[in-house]
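See below for the structure under consideration.
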Amino acid sequence: EVQVVESGGGLVQAGGSLRLSCAASRRFGDGYVIGWFRQAPGKEREGVSCISRDDGDTFYADSVKGRFTITLDNAKNTVYLQMNRLKPEDTAVYYCAADRGPYAVVDGSLAAGYFHSWGQGTQVTVSS
């Protein structure tokens, strides 16, 4: 089972950008899907984006569509989440998760139950 580690979080002003990285312990195998989730204090976990290793298929929650971009660098076994035009409501702990597909979207959010390899999370704080 692949292990993943997130990095790249930090403090940024509203309107700014951050790029999160999700580094895997080994190559993402055939059929893998890598997702990004976030959880703010007192709120439910939200699945914001994912990418399929095989065909590059992507998903974005409406809350981040047009602002966040997920990419996969197979040579580096790393998935990136480029976050632009950040808003205070993007403040959360961001988690990377990976597993063999498929993935599902429930109520507009990536479903977490399909993922079994999780990172420790990285804090993103957007000040107003």
Distance, nearest 0.5 Å, that separates [atom1] of [X] from [atom2] of [Y]:
X: Leu72; Y: Thr58; atom1: CG; atom2: OG1; answer: 11.5 Å
X: Leu81; Y: Ile51; atom1: CG; atom2: CD1; answer: 10.5 Å
X: Phe68; Y: Tyr94; atom1: CZ; atom2: OH; answer: 4.0 Å
X: Arg38; Y: Arg45; atom1: CZ; atom2: CZ; answer: 13.5 Å
X: Tyr80; Y: Thr69; atom1: OH; atom2: OG1; answer: 14.5 Å
X: Gln123; Y: Thr91; atom1: CD; atom2: OG1; answer: 7.0 Å

Heavy-atom closest contact ([X] atom, [Y] atom, distance):
X: Gly35; Y: Phe115; result: N-CE2, 3.8 Å
X: Tyr114; Y: Ala104; result: CE1-CB, 3.4 Å
X: Arg85; Y: Gly66; result: NH2-O, 2.6 Å
X: Gln39; Y: Lys43; result: NE2-O, 3.2 Å
X: Pro88; Y: Ala14; result: CD-CB, 4.1 Å
X: Gly108; Y: Ala61; result: O-CB, 3.7 Å

Any salt bridge (charged side-chain N to carboxylate O under 4.0 Å, His left out) pairs touching residues 95-119, not counting sequence neighbours?
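For residues 95-119, and leaving out neighbouring residues, there are no salt bridge (charged side-chain N to carboxylate O under 4.0 Å, His left out) pairs at all.
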
Mind jotting down which residue pairs meet the salt bridge (charged side-chain N to carboxylate O under 4.0 Å, His left out) criterion with at least one end in residues 59-79? Sequence neighbours excluded, please.
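Those involving residues 59-79 are Asp62-Lys65, Arg67-Asp90.
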
Indicate if Tyr103 and Tyr95 have the same hydrophobic cluster label, given that clusters are the connected sets of ILVMFWY residues with side-chain heavy-atom separations under 4.5 angstrom.
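The answer is yes; both residues are in one hydrophobic cluster.
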
Val4 reachable from Val93 in the ILVMFWY side-chain graph, under 4.5 Å edges:
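No, separate clusters.
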
Arg27: partners by salt bridge (Lys or Arg N to Asp or Glu O under 4.0 Å), with sequence neighbours left out
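Once residues adjacent in sequence are excluded, the partners of Arg27 under the salt bridge (Lys or Arg N to Asp or Glu O under 4.0 Å) criterion are Asp30.
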
I'd like to know whether Val126 forms a side-chain contact (heavy atoms from CB on, under 4.5 Å) with Met83, so could you lay out the CA-CA distance, the side-chain angles of the two residues, the decisive distance to 0.1 Å, and finally the verdict.
CA-CA 11 Å; Val126 184; Met83 307 186 296; over 6 Å; no

What residues form a side-chain contact (heavy atoms from CB on, under 4.5 Å) with Val2, not counting sequence neighbours?
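Val2 satisfies side-chain contact (heavy atoms from CB on, under 4.5 Å) with Ala24, Ser25, Arg26, Phe28, Tyr32, Ala98, Ser117 only.
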
Among Val79, Ile70, Val124, the one residue meeting side-chain contact (heavy atoms from CB on, under 4.5 Å) with Leu20
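Only one of Val79, Ile70, Val124 forms a side-chain contact (heavy atoms from CB on, under 4.5 Å) with Leu20, namely Val124.
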
Under 6.0 Å between the ring centres of Phe37 and Trp118?
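Distance test on ring centres: under 6.0 Å, yes.
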
In chain order, what residues pass the side chain to side chain donor-acceptor pair (under 3.5 Å) check against Gln82, with sequence neighbours excluded?
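With sequence neighbours excluded, Gln82 shows a side chain to side chain donor-acceptor pair (under 3.5 Å) to Asn84, given in chain and number order.
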
Measure from the side-chain N and O atoms of [X] to the backbone N and O of [Y], and report whether any donor-acceptor pair falls under 3.5 Å.
X: Ser109; Y: Val106; answer: no
X: Ser52; Y: Val33; answer: no
X: Glu6; Y: Gln120; answer: yes

In chain order, what residues pass the disulfide bond (SG atoms under 2.5 Å apart) check against Cys96, with sequence neighbours excluded?
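Disulfide bond (SG atoms under 2.5 Å apart) check on Cys96 returns Cys22.
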
